[in-house]
Amino acid sequence: LKDPIRIVITGAAGQIAYSLIHQICSGDVFGQDQPVILHLLDITPMMTVLQGVVMEIEDTSLPLVKGAIPTDDLETAFKNVDVALFVGAMPRKEGMERKDLLSANVKIFKSQGTALDTYANKNVKVLVVGNPANTNCYILAHYAPSIPRENFTCLTRLDHNRAKGQIASRLKVSPDAVKNVIIWGNHSSTQFPDVRSATVTIHGKETPVYEAVKDDNWLKNDFVSTVQKRGAAVIAARKLSSAMSAAKAICDHMRDWWHGTNENEWVSMGIISDGSYDIEKGLVFSYPIEIKNGKLSIVQDLKMDDWSRELIDKTQKELVEEKNDALKATDPE
Ligand code: NAI
């Protein structure tokens, strides 16, 4: 067995964490030879609940778990961590304006960013899930300047998996037959789920999704809006936001980052833009990503047309506005 890695999960008493912890502890993400020590952060009123989660972790009797530390203290949470999963965030409450939500989250991600910068390992791999995920990631990175920019990501894998799922069910194939869908931009209803480069393998033959579906109107309209609004549809039905599928997407994201993507296959991740595809440099934007030896790179030279450019510009515009509002909400000092 290898030396244990330390993984902090924030929002550890919440519903996503409840689905996530078991998958991490069972070796599904970092490998069957990789022991883990969990740092579980939540706010003070949740400490009793968190104690219960720790009891359950013990009761799973999983051999890869070398420790589970419940805490409401930022130093304890972030000390020497190798992986940081930022799941906790301030939820939108009834009547709350987007700006109020942003400023509440800026406070959280400013203090957690500062703690990450001070206490975490410098090669820590960061994934932000708590919403607004892209902008929370932007603020976190802003306050953790000593950690390399390429170590910051936000979750759009759930949207990516939803897009695969919609195509698979339309074509009545298994989701793993569908390859190279893309989520561009914000994890919000302006995201652009793009299948113009996606393929599907049917009876051993790989075909472009557009050829297989034979319905451009569906692909450009219903498909796009179904994926964009899927999160809201789950909330409407469940009265709670996606948790099982979100936890599964977090695992997919981290597993691919840790072990790499398959040859000629890509995934969607929000990363700090280097300006690729004429996106504002520094913005946390979801791109098609290939991963080799732990290094993320943006798939380049994909074709753009007026339709896709317009959708990408729209989601970019929303992210620029969110970022500017969030920066305004940071303290002047
Ligand atoms: P939840 O409400 O069940 O759990 C959130 C937990 O975070 C709570 O235990 C809360 O006490 C904790 N928390 C709040 N502020 C904190 C702070 N400052 N430090 C540490 N912990 C804190 O919510 P759930 O369902 O687990 O979702 C978590 C977040 O993930 C939400 O913001 C949700 O919108 C987001 N989400 C993002 C998705 C994505 O694809 N990017 C998909 C689904 C959810």
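Each ligand, and each atom within it, is numbered from 1 in the order the structure gives.
Salt-bridge formation is not detected for the pair Arg309/Asp306: no Lys NZ or Arg NE/NH1/NH2 atom is positioned less than 4.0 Å from an Asp or Glu carboxylate oxygen. A salt bridge links Lys317 with Glu321: the distance from a Lys NZ or Arg NE/NH1/NH2 to an Asp or Glu carboxylate oxygen falls below 4.0 Å. Between Arg6 and Asp82 there is no salt bridge, since no side-chain nitrogen of the basic residue lies less than 4.0 Å from a carboxylate oxygen of the acidic one. With respect to Arg170 and Asp215, a salt bridge is recorded, a charged nitrogen being found less than 4.0 Å from a carboxylate O.
More than 12 heavy atoms of other shown residues, nucleotides or ligands fall within 6.0 angstrom of atom CE in Met47.
Around ligand 1 you find Gly11, Ala13, Gly14, Gln15, Ile16, Asp42, Ile43, Met46, Val87, Gly88, Ala89, Ile108, Gln112, Val129, Gly130, Asn131, Leu155, Leu158, His187, Ser241, Ser242, Ala246, each with a heavy-atom distance below 4.0 Å.
Taking the six-membered ring wherever Trp is involved, the centroid distance between the rings of Phe192 and Tyr277 does not fall below 6.0 Å.
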